[in-house]
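These notes concern the structure reproduced below.
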Amino acid sequence: MTAGVREEPRETAHPRTPRRLPLPTLLALLVGFAGVGYRLALLFADVPPTNSDEATMGLAALHIARGDGFPVWFYGQAYMGTLEAYLAAPLVALAGPSVLVLRLPTLALYALFLLLSWRLTRRLGGDRWYALLVVAVLALGSDRVVKNQLIAGGGYPELNPAGAALALLTVGLCVTGAGARLPRWAAWGLICGVLLWVDPLILPYVLTLGALLVARRRRELAGRAGVVLTGALLLGAAPMLVDSIGHGRNPATAVLAAGGTGAPADWADRLHGALVLGPSLAAGFCSPGRCATWQLWWAAAFPVLLVLAALTAWHTLRRVRGGPGSVERVSAGVRLALLGGAAGVLAAYAMSNAAGQTPIESSRYLSCLAVAVPALLWPLWQAARPLAAHRLTAQRRFAEVAASDRPAERQFAEVVASEEGGYRHLPEVESIKATGGRPAGRMARMAGVGALAVVAGVLGTGAAATVDVVRTAPDVHAEADRHRSLVDTLGALGVRNVRGGYWTCNRLTYATGENVVCAVVDDDLSPGFDRLPAYRREVAADPDAAWVAPVGSPLAARLNERVGAESGALDVVTVAGWRIYLPRR
């Protein structure tokens with residue numbers, strides 16, 4: 001009976017079909033790689049331009065790498081933790097001081113933010129195409145955006161990934177079983193503690209997400225979860241707490257004082273800086289260092305979208321029934337918390353003097369608005385998705401007609417008849433049909449078209465600002481080359497100690513690995529603000545200390561008065577873009 005049976009080879013008995021990533025996931029991956037690759041290319045082109053504040057963080061990393069010190073705060077102040085310096089210290093130890101090694105950790109933080117934002121969008125109920133849209137928006141990089149993400153100047157690069165991680169953990173804490181939540185409670189507390197040390201700008205998100213957890217898990221927080229959360233929070237904030245107790249400092253006072261100094265800004269200026277310039281700059285819609293009038297359209301769209309997204313989330317909370325762990329209710333609650341956090345960030349900025357005094361540069365305080373993008377764009381996607389799905393459904397049905405054997409005329413008539421009443425095959429919009437028929441269908445189409453227009457505006461305006469950054473890259477790279485020529489010339493001249501302006505000194509000191517030490521002077525040659533007082537003492541002890549100033553600067557003009565043939569005058573050496581003033585020996 002078995003003579004006619006032939007055994008198939010084992011390897012062909014169960015052929016495996018290779019798993020393929022869904023198209024939107026693959027596209028999101030490609031867009032994410034493009035966003036990271038774009039920023040890596042900028043780093044190799046010396047974009048965005050570095051400054052002495054970033055170099056101050058670099059000096060902290062250099063000292064950590066050498067074991068010369070383990071600073072808690074950004075040098076010269078009692079707030080803004082040095083997490084970026086600790087992240088960069090191993091690279092500085094391996095490769096030496098450079099702007100590139102200082103920024104590689106911030107680039108990694110940006111990549112992590114993209115990944116967490118994609119995951120957060122999916123956990124909040126967005127489909128893969130919506131997650132692709134969120135990644136595309138966050139992949140764009142205007143001048144202000146790449147500065148916030150890449151410059152290791154303290155606080156900003158780590159805020160967004162931390163905020164997205166907190167939101168993801170909040171979702172997990174609200175929907176998972178109690179036995180699996182203790183590690184998440186620990187992670188939530190640890191991130192909050194680190195954020196309190198590094199930069200409290202993201203505190204509004206912490207408060208709104210924390211309020212959601214208290215509302216849904218209050219009984220659990222009264223037990224072991226509360227102990228674990230508190231212990232992890234204290235551990236994350238330990239550097240701040242130990243330093244504050246040891247030195248009798250109050251970091252909250254220092255943070256409040258940093259919100260703008262001098263005379264209070266007028267409320268009209270504050271509101272203009274916070275509500276007109278702020279949203280457009282933070283979203284990445286503006287050119288380097290300025291905002292054209294046409295780029296400010298987001299100032300009107302942002303508050304409307306914020307309100308619509310909040311109302312949508314609130315409506316879902318009221319409509320959906322289920323226990324506290326209901327996935328849809330949790331998603332709506334987290335979206336509402338993110339929107340509340342964004343509103344809190346904007347309100348806090350509007351109340352600061354910085355919004356009125358220096359609105360262009362101080363818009364960096366709004367960088368963490370990006371955390372709320374998955375919730376902010378939700379109404380646009382909800383309005384545009386039925387329109388796009390309707391088109392795809394029609395195309396699919398026409399394709400079915402073409403492939404069928406039935407008379408074409410009859411089938412096309414059936415398709416047309418089925419589409420006249422609106423989105424018949426989309427359950428998400430059945431309520432629209434039931435409440436209004438064709439007028440409601442027209443309104444849905446109009447809303448969809450409007451939403452698509454806003455999405456196109458977001459992508460188009462962001463892309464234009466990104467192109468502007470690429471256009472300015474050669475000039476920024478040329479300036480960095482001039483600074484490298486200055487460093488080489490000082491080394492050739494044997495200069496070890498110099499005096500210069502604030503934006504010259506620490507940048508020069510870090511670039512040379514402290515082989516050249518610089519003390520800060522103001523334009524009138526009086527002592528300036530030295531973040532590391534030891535540098536001033538070293539320069540003061542050197543009778544041969546030189547002076548360094550950019551060509552055409554007020555400091556250079558003042559030093560030019562001391563150039564001459566008489567005794568005690570200065571000799572000058574000019575190198576591309578810089579003037580080095582040497583005491584006559």
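Computed from a predicted model, the values in this text were never measured in an experiment.
In this structure the side chain of L308 reaches within 4.5 angstrom of the side chain of V304, judged on heavy atoms. A heavy-atom distance below 4.5 Å is not found between the side chains of T509 and V516. Residues N497 and Y535 fail the side-chain proximity criterion, which asks for heavy atoms closer than 4.5 Å. Residues S352 and R270 fail the side-chain proximity criterion, which asks for heavy atoms closer than 4.5 Å. The shortest side-chain heavy-atom distance between C286 and D143 does not fall under the 4.5 Å cut-off. For the pair R39/Y110, a side-chain contact is recorded, criterion being any heavy-atom separation below 4.5 Å from C-beta on. With contacts defined as side-chain heavy-atom distances shorter than 4.5 Å, the pair L366/L369 qualifies. Side-chain atoms of V572 and I580, non-hydrogen and from C-beta on, never get closer than 4.5 Å to each other.
D475 contributes no side-chain N or O that, together with a main-chain N or O of T472, makes up a donor-acceptor pair within less than 3.5 Å. In this structure, E54 contributes its side chain and A152 its backbone to a donor-acceptor pair below 3.5 Å.
Taken from CD in Q295 to CG in L277, the straight-line distance is 11.0 Å, to the nearest 0.5 Å. Atom CD of Q77 and atom OG1 of T56 lie 9.0 Å apart (nearest 0.5 Å). In this structure, CG in L87 is found 6.0 Å from CG in L109, a value given to the nearest 0.5 Å. Taken to the nearest 0.5 Å, the CG atom of L27 stands 5.5 Å off from the CG atom of L132. Between atom SG of residue C505 and atom CZ of residue R531 there is a gap of 12.5 Å, rounded to the nearest 0.5 Å.
Pairs passing the ring-ring contact (aromatic ring centres under 6.0 Å, His included) check and including a residue from residues 456-513, sequence neighbours excluded, read H483-W578. Sorted by first and then second residue, the ring-ring contact (aromatic ring centres under 6.0 Å, His included) pairs involving residues 27-58 (not counting sequence neighbours) form an empty list.
Taking each heavy atom of A549 and L559 in turn, the nearest pair found is CB-CD1, 4.4 Å. Of all the heavy atoms in P161 and L116, the pair that sits closest is O-CD1, 3.4 Å. Between A342 and L306, the closest heavy-atom pair is CB-CD1, 4.4 Å. Listed here is the closest heavy atom pair of Y156 and E84: N-OE2, 4.0 Å.
At a threshold of 4.0 Å, the pair E514-R496 does not count as salt-bridged, since none of the basic side-chain nitrogens sits closer than that to a carboxylate oxygen. With respect to R484 and D46, a salt bridge is recorded, a charged nitrogen being found less than 4.0 Å from a carboxylate O. A salt bridge is defined here as a Lys NZ or Arg NE, NH1 or NH2 lying under 4.0 Å from an Asp or Glu carboxylate O, and D127 with R385 meets this definition. For the pair R507 and E479, the salt-bridge criterion is met [side-chain N within less than 4.0 Å of a carboxylate O].
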Does R128 form a side chain to side chain donor-acceptor pair (under 3.5 Å) with T25? I'd like the steps, not just the answer.
CA-CA 6 Å; R128 292 184 176 90; T25 302; 3.3 Å; yes
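Under the rule for a side-chain contact (heavy atoms from CB on, under 4.5 Å), the partners of A464 that lie at least two apart in sequence or sit in another chain are W294.
Between W297 and F285, the ring planes are parallel. Angles under 30° get that label, and only those over 60° would be called perpendicular.
Each of T82, L532, N506, D530 was evaluated against Y75; a single residue qualifies, L532, per the side chain to side chain contact (heavy atoms under 4.5 Å, CB included) test.
Donor-acceptor pairing under 3.5 Å is lacking for the side chains of W298 and T461.
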